[in-house]
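I have placed the structure first, in the form of structure tokens, so that the comments after it can refer back to it.
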Amino acid sequence: MSGEDTVGRFRSREAVVGVIGLGYVGLPLCLAIAESGSRVIGFDIDPEKPALLAKGQSYIKHIEAKKIVSANQTGRFQATSDFSRLREADAILICVPTPLTSHLEPDLSFVESTAEVVSANLRKGQLIVLESTTFPGTTHEVLRPILEKGGLRAGVDFFLAFSPEREDPGNPDFSTTRIPKVIGADDPLAREMAVALYDGFIAKTVPVSSAATAEAVKITENIFRAVNIALVNELKVIYKKMGVDVWEVIEAAKTKPFGFMPFYPGPGLGGHCIPIDPFYLTWKAREFGIATRFIELAGEINSNMPGYVVSELAIALDRQQRKGLNGSRILVLGLAYKKNIDDIRESPSLVLIELLEARGATVDFYDPHVPVVPPTREHAKLANRKSVAFGPNINLYDAVLIATDHDDVDYAALVKWAPLIVDTRNACGRRGLTGGHIVSA
């Protein structure tokens with residue numbers, strides 16, 4: 001089948017789309033494709049995920065089971081761990097993790113192993129799209145050589161593009177289909193194919209001149225956020241010394257209708273994008289003899305925030321409870337990296353718990369969205385810990401550290417029960433809750 005034929009199949013919804021990786025990016029993508037009228041096959045190395053999806057069950061809290069049931073009922077959605085079925089797909093979208101090593105260097109092992117599997121099942125006419133966030137050049141320098149191992153050539157026998165994921169888990173205003181999709185490819189036909197594919201289920205596509213440009217777009221978006229969050233985190237520390245409330249400053253500053261965009265401080269960065277992706281560019285820039293001082297400074301500031309919060313908690317305990325951290329009981333409120341979701345990837349709460357325990361504190365956590373800590377690579381010792389109940393017994397803790405400002409928490413009751421609250425998210429202040437035992441950090 002020629003590339004032109006595939007373009008027609010995308011536009012007529014006759015094509016079959018394969019999505020590799022059924023996590024926070026891949027699963028919403030599958031559901032959007034099925035809802036648009038196209039057939040989609042989801043692939044994952046974890047056989048439990050396809051099994052749950054076949055039963056109409058969701059393993060991601062903010063994705064409702066009824067959406068999976070609806071997709072199943074259309075007959076257009078299937079999930080499997082049988083990667084030989086990749087041959088059935090006209091397009092294959094790769095949505096696998098791109099973490100960092102312990103030395104803050106790109107770990108492309110998931111992309112590379114996935115590319116090997118795709119290469120073994122590649123057929124002529126297929127479109128391969130990488131969605132995983134990475135450094136400029138990955139599609140051409142890493143993915144393409146692996147895919148061409150079997151003798152098929154990109155731009156001739158199969159087609160290659162990059163379209164970065166822009167998921168914001170739990171955001172009710174911007175679902176997968178409503179977020180514009182940047183699409184880059186190194187040849188015009190591959191770009192046309194990718195645009196035709198995404199036009200079928202995305203409100204707006206934004207074609208760019210190359211895969212490297214599309215890769216740079218996504219990494220620029222995340223660096224922009226990382227740098228600006230670092231700025232307000234630094235301002236938070238400065239203004240607190242001056243007796244100025246950084247939250248009040250930001251609220252007033254954002255009334256300016258031009259030249260200012262609000263960003264908010266916190267206990268550290270979480271999620272996949274902001275804490276990790278900027279260092280992909282830092283690593284790649286070294287190849288060109290360039291030091292990314294601005295990016296690295298932002299990373300340093302943001303990564304130091306958990307330590308700053310623990311220090312502020314220790315000071316508050318000393319002043320208000322006449323206690324040290326060693327031997328104190330601390331409740332961390334919120335394990336997810338941001339409010340109203342169950343995603344704990346790179347969550348600063350995990351770091352906070354470990355720092356507090358290293359100082360001799362006894363630490364529990366409460367999170368209405370995370371009943372049990374799942375296994376993680378960096379915080380293996382915290383796996384299987386359970387959330388405590390939310391109730392009057394909170395008064396038995398020496399302090400509550402608000403690390404995530406979930407909306408479905410009774411903050412008024414918390415303020416009543418807790419002898420000391422250290423609030424890193426202004427959760428109490430936003431609700432008009434005040435008191436001498438509430439400390440901003």
Indicate yes or no: at least one non-hydrogen side-chain atom of [X] is less than 4.5 angstrom from one of [Y].
| X | Y | result |
| --- | --- | --- |
| Val370 | His406 | no |
| Ile20 | Phe83 | yes |
| Cys95 | Val19 | yes |
| Asp423 | Ser440 | no |
| Leu53 | Leu27 | yes |
| Trp417 | Val400 | no |
| Thr404 | Leu335 | no |
| Tyr280 | Ile219 | yes |

Check: [X]/[Y] side-chain N/O donor and acceptor closer than 3.5 Å:
| X | Y | result |
| --- | --- | --- |
| Tyr397 | Asp364 | yes |
| Glu165 | Ser132 | no |
| Glu296 | Thr292 | yes |
| His379 | Glu354 | yes |

Requested in this report: Specify whether Tyr264 and Trp247 have parallel, tilted or perpendicular ring planes, treating 30° as the upper limit for parallel and 60° as the lower limit for perpendicular.
Outcome: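 It falls in the parallel class, under 30°.
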Mark yes or no for whether [X], through its side chain, and [Y], through its backbone, hold a donor-acceptor pair below 3.5 Å.
| X | Y | answer |
| --- | --- | --- |
| Asp44 | Leu22 | yes |
| Thr114 | Phe110 | yes |
| Ser311 | Gly307 | yes |
| Arg178 | Ala203 | no |
| Gln126 | Ala89 | yes |
| Ser163 | Val182 | yes |
| Thr101 | Glu105 | yes |
| Lys236 | Gly266 | yes |
| Asp398 | Ser328 | no |

Using a strict threshold of under 4.0 Å (side-chain N to carboxylate O), is an ion pair present between [Y] and [X]?
| X | Y | value |
| --- | --- | --- |
| Lys284 | Glu287 | yes |
| Glu35 | Lys67 | no |
| Asp168 | Lys338 | yes |
| Asp405 | Arg430 | yes |
| Glu251 | Lys254 | yes |
| Arg345 | Glu167 | no |

Requested in this report: Evaluate the side-chain contact (heavy atoms from CB on, under 4.5 Å) criterion for residues Tyr198 and Thr205: first the C-alpha distance (whole Å), next the side-chain angles of each, then the deciding distance (0.1 Å), finally the verdict.
Outcome: CA-CA 7 Å; Tyr198 287 106; Thr205 52; 3.8 Å; yes
Report task. For Pro164 and Lys218, work out which heavy atoms get closest and say how close. Result ->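 Looks like CB-CB, 3.3 Å.
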Report task. Please lay out, stage by stage, how Asp343 and His62 fare under the test side-chain contact (heavy atoms from CB on, under 4.5 Å). Result -> CA-CA 9 Å; Asp343 190 348; His62 69 273; over 6 Å; no
Query raised in the report: For atom CZ of Arg286, is the number of surrounding heavy atoms from other residues, nucleotides or ligands below 6.0 Å larger than 12?
Result: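 Correct, the count exceeds 12.
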Query raised in the report: In this structure, which one of Leu414, Val332, Asn426, Ile438 forms a side-chain contact (heavy atoms from CB on, under 4.5 Å) with Ile402?
Result: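 Going through Leu414, Val332, Asn426, Ile438 one by one, the side-chain contact (heavy atoms from CB on, under 4.5 Å) with Ile402 is satisfied by Leu414 alone.
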Report task. Using the salt bridge (charged side-chain N to carboxylate O under 4.0 Å, His left out) rule, take Arg431 and Asp407 through it: C-alpha gap first, then chi angles, then the decisive distance, then the call. Result -> CA-CA 11 Å; Arg431 294 166 173 82; Asp407 288 334; 3.4 Å; yes
